[in-house]
Amino acid sequence: MYLLEARRAQIREALRQAHRDASERGELPQAPFPPCVLEEPRSEQHGDLATNVALQLARGTRLGPRQVAAALVAGLTPQRIPVLERAEVAGPGFINIYFRDGWLAPAVGEILAAGLDYGASAMGQGRRVLVEFVSANPTGPLNVVNCRAAAFGDSLVRCLNAAGYRAEAEFYVNDAGGQFRKLGLSLEARLRRLRGEAAEVPEGGYPGDYLVAMASRYADERGMDVLEQEPERRITMLARYAVDRILQRQREVLERFGVHFDHFSLESDIRAARGPERVVEELSARGYTEERDGALWLKTEGAGDNDDRVLRKRDGEYTYRVPDIAYHAGKFERGYDLLIDIYGHDHHGEVQAVRLALEWLGYPVDHLEVLLTQMIRLLRDGREEKISKRSGNFISMEDFLDEVGVDAARFFFLTRTIDTHMDFDVELAKRQSQDNPVYYVQYAHARICSILRQAGELVAEADAAPLVHPAETALLRALAALPDEIAAAASSRAPHRLTAYARQTAERFHGFYAQCRVLGGEPAQSRARLALCSATQIVLARVLGLLGVSAPQSM
RNA sequence: GCGCCCGUAGCUCAGCUGGAUAGAGCGGCUGACUUCUAAUCAGCGGGUCGCAGGUUCGAAUCCUGCCGGGCGCGCCA
């Protein structure tokens with residue numbers, strides 16, 4: 001158990017004891033002891049930890065909160081909590097708790113012992129989680145929107161794993177259906193133009209330049225024979241070729257971005273396994289479908305959706321949502337305890353229908369969490385640009401990474417919650433990449449590495465007791481908070497908390513650095529500060545690792 | 001019209017699931033390098049938390065209604 005957690009548990013137990021004693025003496029009414037939240041007050045004048053339990057307990061009684069607080073404070077004694085300095089009632093009934101100097105020192109040893117595992121917890125209890133994200137159509141290069149989802153999803157997976165879950169990352173590939181066909185047709189048109197025919201990219205197809213380049217490459221590699229094939233066959237062949245190429249390129253960019261996927265699931269495999277047929281048969285057998293106007297509908301209206309949804313079109317084809325449902329059914333069958341989907345907010349209208357279908361198929365939909373990333377509005381020098389593969393107009397992830405850099409890009413996206421509607425000006429982002437806070441954090445890490453190099457000796461363990469300077473304790477406090485931060489980032493699905501934490505920790509280190517000389521001082525103090533530096537280096541490297549950002553040894 | 005999301009400093013955004021005096025970065029202004037990396041530090045200025053009600057000891061946070069914006073509401077994905 002980490003330091004802060006141990007202190008909280010100790011205090012909580014003492015308060016519970018005090019509550020029981022006071023109840024027996026008749027000072028407080030008999031009532032269950034509420035969940036007692038102990039947090040770090042915003043102002044250090046309010047102590048090292050504070051709680052509002054007394055305010056909770058006083059609710060619904062005739063007693064004043066301060067009176068309740070006083071009864072509880074009586075139980076906070078140095079006998080029960082050796083490190084306690086004092087506890088007092090404050091404001092409307094808060095209990096503020098002050099510890100003796102040096103109470104944070106043990107954190108240093110904890111961190112040095114744990115190394116880069118520091119902050120890991122068993123919160124997730126080994127539960128298996130599948131996180132699906134990006135899942136971009138394999139019909140064009142990835143763009144900045146995918147970049148945001150990639151940064152978020154990848155970091156979330158890392159946080160979950162650090163917090164005791166067993167999380168895996170999955171990419172779903174829509175390599176079948178209507179868009180797949182249109183990709184094939186678009187490539188065909190490019191190939192024909194190459195041969196001098198006046199072919200046009202079909203309506204709703206993909207007019208982007210990347211298919212022009214791909215057509216030349218195709219011709220070089222395989223010639224034009226494909227154009228003599230039967231229409232359906234050549235469309236499929238070309239689409240397959242294009243998807244393979246594009247997916248390969250997507251994987252390379254994601255790799256470069258530090259985003260790792262454990263699984264790629266293909267829609268074509270799901271179709272080959274007759275997943276869509278099975279879904280439709282099962283839903284129909286259970287009475288959730290209806291034939292109407294030559295199509296087959298899922299009866300979602302009135303069940304939480306504002307309309308019925310088509311499953312099978314009049315032309316006999318399945319709508320995209322059927323393989324989607326089959327895919328999710330398959331994910332449940334694969335034995336995960338929790339499924340997390342990360343989609344763009346433009347897909348949110350589809351979520352309810354898929355959830356309903358899965359529920360009707362008997363799957364535990366409360367184990368399916370759908371997180372929606374908000375839209376990015378793309379600006380270029382203040383003017384709006386439409387981002388769409390189909391319009392062929394977008395900023396590719398590759399270009400973005402070329403111009404802004406991997407670390408700055410990841411940090412940039414991870415400072416925002418996924419709920420913000422971002423106005424994203426590429427020119428501005430490029431200009432500001434020099435000012436990106438990521439360098440502030442990395443610089444702190446590099447500075448520490450420099451000190452440790454010069455110290456020449458490895459600090460394995462040290463007596464951290466001499467750390468009493470305000471800048472030292474402020475830094476210690478930040479280091480001790482990492483386990484809480486990781487747990488919170490994982491459980492609230494909010495890895496962006498860690499960018500704020502990283503920045504704050506770096507800030508405290510820079511402050512410490514400016515005020516406290518590490519090398520060449522009094523030996524005991526110097527050793528303690530060296531240990532503190534070492535612990536800080538571990539914490540920064542750990543957080544940056546969870547964010548997918550590099551931790552340079554020098555800058 | 002209906003659904004989801006957003007509205008916090010000049011700009012870009014946090015605000016730990018209801019706590020004490022609302023924060024950061026950038027931009028603006030002052031200072032600090034013969035000492036472990038100045039990509040740093042110290043300081044100044046900047047706010048009717050969109051508006052109006054409600055819930056309670058206590059609201060940027062929860063509820064309702066408005067106003068403004070984004071995205072959905074395809075037999076496209």
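Every chain is numbered from 1 and lettered A, B, ... according to where its sequence line falls, protein lines coming before strand lines.
- Residue S492(A) is classed as a base contact, given a heavy-atom separation below 4.0 Å to a base.
- A sub-4.0 Å separation between OP1 or OP2 of rC41(B) and a side-chain N or O of Y440(A) is present.
- Residues R7(A) and D48(A) are not paired through a salt bridge, judged by the lack of any N-O separation under 4.0 Å between the basic side chain and the carboxylate.
- Judged purely by atom type and a 3.5 angstrom limit, T51(A) has no side-chain atom pairing as donor or acceptor with the backbone of L38(A).
- Atom CZ in R309(A) sits roughly 14 Å away from atom P in rG72(B) (whole-Å rounding).
- Residue contacts for C516(A): at a heavy-atom cut-off of 4.0 Å it reaches a base atom on one of the strands shown.
- Projected onto RNA chain B by closest heavy-atom contact, A514(A) and R497(A) fall at different nucleotides, the more 5' of which corresponds to R497(A).
- The shortest side-chain heavy-atom distance between D484(A) and R8(A) falls under the 4.5 Å cut-off.
- Residue-level contact check: D315(A) touches neither bases nor backbone, having no heavy atom under 4.0 Å from any strand.
- No contact: R321(A) has no heavy atom under 4.0 Å from any strand.
- Within the nucleic acid shown, H347(A) comes within 4.0 Å of at least one base atom, counting heavy atoms only.
- Look at R321(A) and E350(A) and you find a salt bridge, because one of the NZ, NE, NH1 or NH2 atoms lies within 4.0 Å of a carboxylate O, short of that distance.
- Of the candidate nucleotides rA14(B), rU40(B), rG70(B), rG70(B) has the atom lying nearest to any side-chain atom of M375(A).
- Nearest-nucleotide positions on RNA chain B place I95(A) closer to the 5' end than the other of I95(A) and A446(A).
- Using a 4.0 Å heavy-atom distance criterion, Q45(A) is classed as a base contact.
- For rC33(B), the base adopts the syn conformation, since its glycosidic angle falls within 90 degrees of zero.
- Within 4.0 Å (heavy atoms only), N96(A) reaches at least one base atom of the nucleic acid.
- rG10(B): Watson-Crick or G-U partner is rC26(B), with both key distances under 3.5 Å.
- Of the listed nucleotides (rC4(B), rU37(B), rA20(B)), rC4(B) has the atom at the smallest distance from the side chain of H345(A).
- As judged by a 4.0 angstrom heavy-atom cut-off over every strand, A50(A) is placed among the base-contacting residues.
- No engagement by P65(A) is indicated, since no non-hydrogen atom pair under 4.0 Å with the nucleic acid exists.
- Across all strands, S554(A) comes closer than 4.0 Å to base atoms (heavy-atom distances).
- In this structure rU17(B) sits in the syn conformation; its chi angle is within 90° of 0.
- Contact annotation: R503(A) does not reach the phosphate of rA14(B) (side-chain N/O to OP1 or OP2, under 4.0 Å).
- Nearest nucleotide to the M555(A) side chain, out of rA77(B), rA39(B), rG58(B): rA39(B).
- Listed by first then second residue, pairs satisfying salt bridge (Lys or Arg N to Asp or Glu O under 4.0 Å) with a partner in residues 529-543 of chain A read E472(A)-R529(A), not counting sequence neighbours.
- Closest to the Y439(A) side chain, of the nucleotides rA39(B), rC2(B), rC36(B), is rA39(B).
- Both tests do not hold together for R148(A) against F413(A): distance to the six-membered ring centre under 6.0 Å, angle to the ring axis within 45°.
- As a whole-Å value, the separation of D307(A) CG from rG74(B) C1' is 11 Å.
- Once the 5.5 Å centre distance and the 30° plane angle are applied, the aromatic ring of H348(A) is found not to be stacked with the base of rG72(B).
- In this structure, the nucleotide among rA39(B), rG19(B), rA14(B) sitting nearest to the side chain of Y443(A) is rA39(B).
- Stacking between F94(A) and rG19(B) is absent: the ring centroid is not both under 5.5 Å from the six-membered base ring centre and under 30° in plane angle.
- When both pairing distances are held under 3.5 Å, rC76(B) makes no Watson-Crick or G-U pair with any nucleotide shown.
- Residue contacts shown for A488(A) are absent, as no nucleic acid heavy atom lies under 4.0 Å away.
- In terms of phosphate contacts, H46(A) brings no side-chain nitrogen or oxygen within less than 4.0 Å of OP1 or OP2 of rU21(B).
- Under 4.0 angstrom from either OP1 or OP2 of rA38(B) there lies at least one side-chain N or O belonging to Y513(A).
- Taking atom P in both rA14(B) and rC6(B), one finds a spacing of 10 Å when rounded to whole Å.
- Phosphate proximity of rC76(B) to K313(A): present, with a side-chain N or O under 4.0 Å from OP1 or OP2.
- At least one cation-pi condition fails for R447(A) and F509(A): the charged atom is not both under 6.0 angstrom from the six-membered ring centre and inside a 45 degree cone around its axis.
- Within the nucleic acid shown, T420(A) comes within 4.0 Å of sugar-phosphate atoms alone, with no base atom in reach, counting heavy atoms only.
- Without hydrogens or angle criteria, N137(A) side chain to T139(A) main chain gives no donor-acceptor distance under 3.5 Å.
- Between K331(A) and D341(A) there is a salt bridge, since a side-chain N of the basic residue sits under 4.0 Å from a carboxylate O of the acidic one.
- No salt bridge links K299(A) with E301(A); every basic N to acidic carboxylate O contact stays at or beyond 4.0 Å.
- Checked against rC36(B), rG15(B), rC76(B), the side chain of V518(A) finds its nearest nucleotide in rC36(B).
- The base of rA77(B) lies close enough to the side chain of Y320(A) for a donor and an acceptor atom to sit less than 3.5 Å apart.
- Nucleotide rG65(B) is matched to rC51(B) when pairs are restricted to Watson-Crick or G-U wobble geometry with both distances under 3.5 angstrom.
- When distances are taken from the side chain of R453(A) to each of rU37(B), rG58(B), rC36(B), the shortest belongs to rU37(B).
- As a whole-Å value, the separation of R508(A) CZ from rU40(B) P is 18 Å.
- Nucleotide rC76(B) holds its P atom 17 Å from the CG atom of D346(A), rounded to whole Å.
- Among the protein residues, R517(A) comes within range of the nucleic acid bases, having at least one heavy atom under 4.0 Å from a base atom.
- Within 4.0 Å of R42(A), counting heavy atoms only, lie sugar-phosphate atoms of the nucleic acid but no base atom.
- For the pair Q454(A) and rU37(B), the criterion of a side-chain N or O lying under 4.0 Å from OP1 or OP2 is met.
- A 3.5 Å limit on both hydrogen-bonding distances identifies rG31(B) as the Watson-Crick or G-U partner of rC41(B).
- A sub-4.0 Å separation between OP1 or OP2 of rG25(B) and a side-chain N or O of T415(A) is absent.
- Not a single donor-acceptor pair, N or O on each side, falls under 3.5 Å between the base of rG25(B) and the side chain of R416(A).
- Taking only distance into account, the side chain of H421(A) meets the base of rC5(B) through a donor-acceptor pair shorter than 3.5 Å.
- Remark: P of rC16(B) and CD of E40(A) are 15 Å apart, rounded to the nearest angstrom.
- In the set rC2(B), rC76(B), rG25(B), rC76(B) carries the atom at the smallest distance from any side-chain atom of Q179(A).
- For rU37(B), the OP1/OP2 oxygens have a side-chain nitrogen or oxygen of S450(A) closer than 4.0 Å.
- At a cut-off of 3.5 angstrom, counting only N and O atoms as typed in the model, there is a donor on one side and an acceptor on the other between the side-chain of N52(A) and the base of rG19(B).
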